[in-house]
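Side chains included, hydrogens not; waters and symmetry mates left out as well; all remaining heavy atoms used. Labels below follow one simple rule: chain letters A, B, ... track the order of the sequence lines, proteins then strands, and each chain is numbered from 1.
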2 protein chains.
Amino acid sequence: MTDEDSDTEAPARAGRPTDERKTEAILDAAREAFFGQGYAAASIERIAEQAGVSKVTIYKRFGDKAGLLEALVRRQADNMTTTIGEANRDAATLEVQLVNFGFTLLSFLFDESHFHFDSMLVIERDRQREAAQRFFDAGPGTMRRELTKMLAAAHKRGDVHIPQPQRAAEDLLSLWKGFADLELRFGVVDMPGPARIRSHVRHGVKVFLRAYRAE
Amino acid sequence: MTDEDSDTEAPARAGRPTDERKTEAILDAAREAFFGQGYAAASIERIAEQAGVSKVTIYKRFGDKAGLLEALVRRQADNMTTTIGEANRDAATLEVQLVNFGFTLLSFLFDESHFHFDSMLVIERDRQREAAQRFFDAGPGTMRRELTKMLAAAHKRGDVHIPQPQRAAEDLLSLWKGFADLELRFGVVDMPGPARIRSHVRHGVKVFLRAYRAE
DNA sequence: ATAATACTAAACGTTGACGTTCACAAATAA
DNA sequence: TTATTTGTGAACGTCAACGTTTAGTATTAT
């Protein structure tokens, strides 16, 4: 009679329960396919095969190809938000603080599983406008906000001279992403390891602080 | 009015001569399609239609889809080389010199017809490795070389303190391309006009020169 | 056991794109 | 005019992918 519509995690429903690991496997396979070959070239059939899942399961869960991309974007964005949250630690000096922040960011960006992401999304942005916007907010947007706050605080303390913190934040993000990103994208160099990433971040921070040091 | 062609070389061959304007029209249409939708999603049939050309003509001239992309990449790379060559003018001060250089570069990069180029190429780079490399050499690679030379000369003159000119060139290129590029790619802002571009370039140069000024 | 739900495999219809062939029209040199 | 080459349109074969359907299996609560 009275259906227990409990909004808790315990389903307590009849029938075979959904296997959440399959959802993860599908999204992992979709990531590989979409990022590696682009949205159009990726095939649901191969995604299903690689995920060890029936094609029908994908359609049951995500509706269609666009829905699968939508879900993937959401997961990646959440993932990024989490990573960024963990990066915002306090440290002794501003320099160390920035280096930590940048290292976390670049380690994330220069990861095989995320690297092709925006390239695909950019091409698809006309068809997936809100998805692209959401990803920007979760990734670069959040990054800019956090960094802007940090820089404004440092300016107030007198550590640096940064009258326009948002613009400065964009400068630093540009220096970090920078040319290494270009070389990577065109396959001129290999993916850098942690040591190279840290060195690159340090260099960016140094240049940045030289430009914005207190007079 | 009939135009008498006297500039071009006479083919002096029998039969109907090839219409070079058709080649251009095909490449223009291919650019729109490839850059806008990506390689896989673009269709030769629609490219032919948009170019006002028979599909067979495309196959006669370019062999297949990959050949068409190949030719397109080559044309874009040549185009870029030409533009960069024109940008390298001497000017009174280093600052003016850099601003001119950057303005030419960004005007080219932030043009609708080139903007999606690397996004497509990145996804296709595994299948079109040499095309990607060629484009990198013609574009960012040349840019870095030219800029490195300019900065090394300025360092020798004592105008600035740049012991590692190539790294500094990468920094400046990063600052220029920077965050505006990201916002554009995700559709957060519209394509900037010349005024905004010049302002952005100026800012980049200022930050750069503050960081690398002579002590 | 039974009902209910998740899931699979295989087949299906449909669409769109690649690349080819063929008959024919258009343009030019001889 | 004639030979030669460019270009067109329409049709064709092939293939890969989307998304659906169906019949049946697996897993759970009652």
Side-chain angles (χ1 to χ4, degrees), chain A residues 1-6 8-27 29-30 32-34 36-72 124 127-128, chain B residues 2-5 8-27 29-30 32-34 36-72 124 127-128:
Chain A
M1 292 233 175
T2 55
D3 293 16
E4 50 225 293
D5 54 311
S6 56
T8 62
E9 302 88 36
R13 275 166 57 239
R16 177 175 174 175
T18 70
D19 189 346
E20 292 305 330
R21 290 171 316 181
K22 282 187 197 294
T23 306
E24 289 302 306
I26 292 168
L27 287 174
E32 294 292 312
F34 284 151
Q37 319 163 334
Y39 179 76
S43 101
I44 295 220
E45 249 128 10
R46 261 179 299 172
I47 290 173
E49 190 186 18
Q50 217 223 308
V53 154
S54 165
K55 186 169 62 160
V56 188
T57 301
I58 296 183
Y59 282 101
K60 277 279 175 196
R61 303 214 176 161
F62 301 101
D64 58 1
K65 200 178 184 181
L68 179 56
L69 175 61
E70 170 96 16
L72 178 60
E124 228 53 38
R127 266 167 292 185
Q128 309 281 340
Chain B
T2 57
D3 41 357
E4 318 240 316
D5 55 304
T8 57
E9 269 192 49
R13 272 171 57 240
R16 177 177 177 173
T18 71
D19 189 347
E20 292 305 329
R21 289 171 318 183
K22 283 186 196 296
T23 306
E24 289 302 306
I26 292 168
L27 287 174
E32 294 293 313
F34 283 151
Q37 318 163 340
Y39 178 76
S43 100
I44 295 218
E45 249 128 12
R46 262 180 298 173
I47 290 173
E49 189 186 18
Q50 216 223 309
V53 153
S54 166
K55 187 171 61 161
V56 188
T57 302
I58 296 183
Y59 282 102
K60 278 279 176 198
R61 301 214 177 162
F62 301 101
D64 59 1
K65 200 179 184 182
L68 179 57
L69 174 61
E70 170 96 17
L72 178 61
E124 228 53 37
R127 266 166 291 184
Q128 309 280 342

Whole-Å distance separating the [atom1] atom of [X] from the [atom2] atom of [N]:
X	N	atom1	atom2	value
B/Tyr39	C/dC18	OH	C1'	10 Å
A/Ile47	D/dA16	CD1	C1'	14 Å
A/Tyr59	C/dT8	OH	P	15 Å
B/Phe62	C/dG19	CZ	P	14 Å
A/Lys65	D/dA17	NZ	P	9 Å
A/Ile44	C/dT14	CD1	C1'	16 Å
A/Ile58	C/dA9	CD1	P	12 Å
A/Arg46	D/dC18	CZ	C1'	14 Å

Find the distance between [atom1] ([X]) and [atom2] ([Y]) and round it off to the nearest 0.5 Å.
X	Y	atom1	atom2	answer
B/Asp64	B/Ile58	CG	CD1	12.0 Å
B/Arg61	B/Leu27	CZ	CG	9.5 Å
A/Thr57	A/Lys55	OG1	NZ	11.5 Å

note = Each nucleotide of nucleotides 1-13 of chain D classed B (base within 4.0 Å of a protein heavy atom), S (only sugar-phosphate) or -, in 5' to 3' order, makes ---BBBSBBB---
task = Return the set of residues passing side chain to side chain contact (heavy atoms under 4.5 Å, CB included) with A/Arg46 (not counting sequence neighbours), or none when no residue passes.
result =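 Residues passing side chain to side chain contact (heavy atoms under 4.5 Å, CB included) with A/Arg46: A/Gln37, A/Ser43, A/Glu49.
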Pairs where residues 37-56 of chain A contributes a residue and the test ring pair (Phe, Tyr, Trp, His ring centres under 6.0 Å) is met, not counting sequence neighbours = A/Phe34-A/Tyr39
query = What nucleic acid atoms does B/Ala42 come within less than 4.0 Å of, heavy atoms only: base, sugar-phosphate, or nothing?
reply =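 Sugar-phosphate, backbone atoms only, no base.
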query = Under a 4.5 Å cut-off applied to non-hydrogen side-chain atoms, are A/Thr18 and A/Thr23 in contact?
reply = no
